[in-house]
Every structure is written in structure tokens, then in C-alpha cells.
Amino acid sequence: MKQTILLLVISLIAILSGCQENPKKAKKRAPNILFAIADDASWKHFGAYGCDWVNTPAFDRVADNGILFTRAYTPNAKCAPSRSCILTGRNSWQLEEACNHSPNFPAKFRTYPEALSANGYFVGSVGKGWAPGNPGEIDGKRRALTGTNFSELKTTPLTTGISTNDYAANFEAFLTARPADKPFCFWFGCYEPHRGYEFKSGINKGNKKMDEIDEVPPFWPDVDTVRADMLDYAFEIEYFDAHLNRMLQKLDEIGELNNTIVIVTADNGMPFPRIKGQEYEYSNHLPLAISWPNGIKNPGRVVDDFVNFIDFVPTYLELTGLSVEAVGIQPTTGTSLTDIFYSEKAGIINPDRDFVLIGKERHDVGRPNDEGYPIRGIIRDNYLYLLNFKPQRWPAGNPETGYLNCDGSPTKTYILDTRRKKGEAEYWQLNFGKRVSEELYNIEEDPFCMNNLAASEEYTELRNTMGKEMTAKLQKQGDPRIFGNGDVFDNYEYSGVVKDYYNRYMQGEEVPANWVNKSDYDADLKEYP
């Protein structure tokens, strides 16, 4: 009897000891991922960056509880190519058709949501995922490049320009559907502040005032029409932020916020002339705040390292213990951000993060034979260098087809009318006119890129040095444009209904292009006024 009791005691001790050891041996649960992306928002227009006329408490909360990045850039400032970089960890010139806007997405490039879905994550999205374009098919089913879409729940929008999608409610539906034992990966793709806007909604419904705007870019006229347009844009950023706030509250409520990497950014700059679809400072420089209470050290830091959208995928893979080979992703070009996460420093963390490469090929059509406007650029220190490969082309698209690489807007109309009705070409030239082959800007002193230093003898050495460095880096990345094979990008098919737009329109066909206004077409303008 005593021996039996002794054996039971020993067994109980062994069991208890095993229970005490198991937590140490148990595999730590992989972090959740919430990626929140606004559609067309420049970096300065969030409260954490000191903007007083746009209120973004949720973005600011993420920054306060994590890291605010002051030098975050997209490689390509347009919806589809920017999102392609985010999803693959590769620069757009490394993505074949996906370098362009509205392409057929190449089957060879697996996205991180597809990879994580096949490796233990519950993956979903709401709103705008990868778009516009044709994602292709796998086994006869349309590819879900950002995960299964949860967009069934609707709400009454604040304006006629805002989506009916109840993003936050759909996120809750996603969380409800998630198996309890799986980490999640979710893409919150807000349609705002993409155009169109309800004119003066920022004033009439957001109680905003024109004099709250502290700075109108000098390449636009500082008039009431433009300021009202900017306030409408601000109102829609705030709508994005309100849904993000509801998502953060839900994660906090269910105890998941601490182990969730929350990344908040935008795909490209604001949808105004000379910004969205171009490659200037306000085009590519984007907001970025990241929080992760379980992983980020010394939260509340402001980091000045250059970081890039292609850095996200390597970060996810490192933190989930996966490799590109294991998950079937093409080799990435970016660098994991974990060195910044685990540091306690602010300012410059990694001196090697001292540049970014940017560029574009074909965005919207509107030139003969669907030609693009190829650009490559490099940003180092406080300087932006750009090489325009085809300066004989119109940078925003041809005038006679409405400058299709610039969304229709009150600001666009006002600028076009300054030339048509007033005979003043200054603002038109800055926003729609042709450019020289090389551009160089001091973006610290001249963030709006107004003073091109490329022709100045004082900056000859810097221009040449940056140009050579850019070329060498692009050669290592296999950029066809640098090797003289850039026409391949013009020859990739445009997947939308407006393919071959210029030729069809000029032959008299009525071809829909609903992102511009009919009044945007300058049929009589073939060269400079």
C-alpha cells in the first residue's frame, strides 16, 4: 500500500514538473498581422507628423505604441504597382507585368497572404486589395492576392464619395470566422481617400475651415477651390482612421492587440496633380506607423532610417520563421525591419538604410500605343535624383486624351482653366507640361521639388554620382530599362477595358475613362501653349 502511494506521488510530481516545463518548451505563437492601407494619402497628412488639419487618433495611437517612420517610401507611386511591391517584397521593375498599372499579375509571383495562408495563418481582407488589374487564376479560381475578401457588411456612408463598406464590422466578421488555434493575417484596404469626393464635404460635414490648412503646395494656386478640395481629402483620411480605430479597439477587447503587428500606411501620395502617379517627394514619401507591443522595444520612437515597402515581406517571413524557399515566394529585395523593432534607439538605427530606389513605367493609358512614362530615381541623404527616359512624352498623359494619369478633380480643372481661360501657363506647366531628362532636388529645403538643380554646375558632381549609383544598383536588380530592354513594359497588355485608349479615342470611338472629367480633354493642345 505504501509503495503504491509512493508511486502515485512520484507520478504526480512528474506530471506537475512536466506541466511547469511545457510552457518553456512550447512554441511561441506567431504574431498576427493587421495591414491597414489608405488609398492615396501623402505622408505629412497624419496627426503624428504634426498635421493639425487632419485628425488621425488611431494612426497616432499606433505611432505612440510603436514606431513612427519619417522616411518610408513606395518604389512606385500608383495603386497596383505599389501594392505589387508590398505583396511580393520586390521592386516594381523586378515584377514584369506587375510593374505597370492595371496589369495581368504574373503567375510566377506568389504573394505573402497566399504564402501565409498555406502555412498556418487564417488570411483575409476587406475593401480594396490588389487593384486594379487581373490577378489571374489558380486551378480555375480567381487568385485572392490579399486573402479571402470579407466585404458583405454595409453601412450608410458619410458622403456620396465614401464607400458603403463597413470595414471594421467586416474585420470583426473575419475574427469571428477565424479558427481559435490560428494566427491571423488581415489586409484592411480602405477605398478612401481615393477620388471622387463630395465637393465641400470637409467643410459642410467635417466642420473644417479653409484657414486651418497651413500649406498649399506651391505648384497649385492657393485659392478656395483648391483648399476645399484638400479639406475633402482630409475628411476621407479621417474616415479611414475611424475604421482603423474600431479595429484596434476590437483587438484590445479580445486580448489580441499585444501580439498583433499593426502596420498603417498608404499606397501612394494624394490624388492631386503632380503627386499621385508621379515620382516626386510627395508622390512616394508615405505615412508609416508600426506597433507590436510583444516585439517592438521602447515604443513611441521616431525613426529616420530609409525604409521601403519591399521591406514588409522579409519582416513577415522572419517573424513567422519561414523562408522564401519554403513558402514559394520569389527572392525578395527588401530587408527585414526587425533590427529597428528590437533596437531601443530613435533617429538613425541602421546606417546602411541610407537610400531608396523609386521608378515607374506605364500607369494609366492615354498616350499613343499605350506607352508609359519611364522614370527611375534614387533618394539619398536629402536629395532626390530622377532620370526621365522619354522626356518627349507627356508625363501625365497626352492633353488630347485628358491627362489620364491624373484623376479628375476641382484642383485639376482649376489649373487647366488657368491656361484655357486666363492664358496663364505657369501652373499648367508645373503639373502637366513636359520635363527635362534629369531632375535633382534638395528635398529637405525643397520638399515640393520646385527648384531643379540638375543643370547647375555646382551640383554636377552630385548629379553624376547619384545617377551612377542608381544605375549600378538597378543593374544588380536586373532592371530591363537599364539594360536597354525597357520597351518590354510598354508591350505588356493593359488588362482594363480602355486598352489602346489613345488610338481608339483619336479615331472617334467613345471610350469610357470615368476617373477623369470630360472637361479635362485638351483637344487643341499638341505642344506647349
Side-chain angles (χ1 to χ4, degrees), residues 71-78 81-82 84-86 88-100 109 278-281 283-285 304-314 324 330-337 339 348-362 372-391 435-444 449 452-490:
R71 287 174 163 176
Y73 287 82
T74 177
N76 192 328
K78 193 76 169 185
S82 179
S84 296
C85 295
I86 291 168
T88 62
R90 295 168 68 86
N91 282 310
S92 58
W93 44 88
Q94 299 177 299
L95 290 172
E96 300 177 359
E97 291 100 321
C99 181
N100 289 338
F109 297 114
Q278 302 305 318
E279 297 297 307
Y280 290 120
E281 168 70 353
S283 309
N284 296 70
H285 191 173
D304 300 321
D305 294 43
F306 282 102
V307 298
N308 193 319
F309 277 8
I310 60 175
D311 296 334
F312 297 148
V313 172
V324 292
Q330 292 284 338
T332 59
T333 309
T335 305
S336 172
L337 297 170
D339 58 333
I348 298 295
I349 310 304
N350 183 350
D352 291 336
R353 294 183 182 271
D354 57 356
F355 75 95
V356 290
L357 295 171
I358 62 174
K360 59 178 274 192
E361 286 292 335
R362 184 179 65 219
Y373 192 83
I375 302 174
R376 295 294 184 273
I378 185 170
I379 303 170
R380 177 181 286 285
D381 298 325
N382 297 318
Y383 289 91
L384 163 63
Y385 170 81
L386 296 173
L387 177 59
N388 300 310
F389 287 86
K390 305 286 185 178
R435 300 172 186 161
V436 296
S437 60
E438 289 184 285
E439 299 178 71
L440 178 67
Y441 300 98
N442 183 327
I443 54 176
E444 181 178 46
C449 301
N452 184 8
L453 305 171
S456 171
E457 290 186 11
E458 180 183 352
Y459 290 93
T460 299
E461 183 178 354
L462 177 62
R463 182 197 68 206
N464 292 339
T465 298
M466 294 186 74
K468 289 177 182 177
E469 180 185 9
M470 179 194 77
T471 299
K473 291 182 182 301
L474 291 172
Q475 286 175 337
K476 288 183 178 179
Q477 295 182 9
D479 182 359
R481 179 64 64 183
I482 296 299
F483 288 103
N485 302 320
D487 288 347
V488 66
F489 294 111
D490 284 342

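Numbers here are sequence positions counted from 1. It should be emphasised that the depicted structure is a prediction, and the values quoted were computed from it without experimental measurement. Quick note: numbers below take in every heavy atom, side chains included, and nothing from hydrogens, waters or symmetry partners.
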For Glu279, what residues pass the salt bridge (Lys or Arg N to Asp or Glu O under 4.0 Å) criterion, not counting sequence neighbours?
-> none

Heavy-atom check, side chain of Arg376 versus side chain of Met470, under 4.5 Å = yes

Does any N or O in the side chain of Asp490 come within less than 3.5 Å of the main-chain N or O of Gly372, such that one atom is a donor and the other an acceptor?
-> yes

Please check if the side chain of Arg90 supplies one atom and the backbone of Leu95 the other of a donor-acceptor pair under 3.5 Å.
-> no

Is the closest basic N to carboxylate O distance between Asp354 and Arg380 below 4.0 Å?
-> yes

Does Asp304 use its side chain to pair, donor to acceptor, with the backbone of Ile348 at less than 3.5 Å?
-> no

Donor-acceptor contact present, side-chain Asp381 to main-chain Tyr383, <3.5 Å = no

Do the non-hydrogen side-chain atoms of Ile358 and Leu386 ever get within less than 4.5 Å of each other?
-> yes

Would you kindly say whether Gln278 and Tyr373 are connected by a side-chain donor-acceptor distance under 3.5 Å?
-> no

Steps toward side-chain contact (heavy atoms from CB on, under 4.5 Å) verdict (Ile443, His285) | CA-CA 11 Å; Ile443 54 176; His285 191 173; over 6 Å; no

Without swapping roles, check the side chain of Asp305 against the backbone of Ile349 for a donor-acceptor pair under 3.5 Å.
-> yes

Under 3.5 Å: donor-acceptor pair, side chain of Asn100, backbone of Phe489 = yes

Heavy-atom side-chain proximity of Arg353 to Asp311 below 4.5 angstrom = yes

Taking Arg481 for the side chain and Gly486 for the main chain, is one N or O donor matched with an acceptor at less than 3.5 Å?
-> yes

Checking side-chain hydrogen bond (donor to acceptor under 3.5 Å, both in side chains) for the pair Thr333/Gln477: CA distance, chi angles, key distance, verdict?
-> CA-CA 8 Å; Thr333 309; Gln477 295 182 9; 5.3 Å; no

Among all residues two or more places apart in sequence or in another chain, which pass the ring pair (Phe, Tyr, Trp, His ring centres under 6.0 Å) test with Phe312?
-> Phe35, Phe309

Taking C-beta and beyond as the side chain, do Ile310 and Asn91 meet within less than 4.5 Å on heavy atoms?
-> yes

Thr465 meets the side-chain contact (heavy atoms from CB on, under 4.5 Å) criterion, sequence neighbours left out, with Glu461

Locate the shortest heavy-atom distance separating Ser82 from Asn76; write the atom from each residue and the value.
-> CB-O, 3.2 Å

Between the main-chain N or O of Asp352 and the side-chain N or O of Asn350, is there a donor-acceptor pair closer than 3.5 Å?
-> yes

Just wondering, do Ser283 and Lys78 contact through their side chains at under 4.5 Å, heavy atoms?
-> no

Side chains of Asn308 and Pro75 in contact at under 4.5 Å (non-hydrogen atoms) | yes

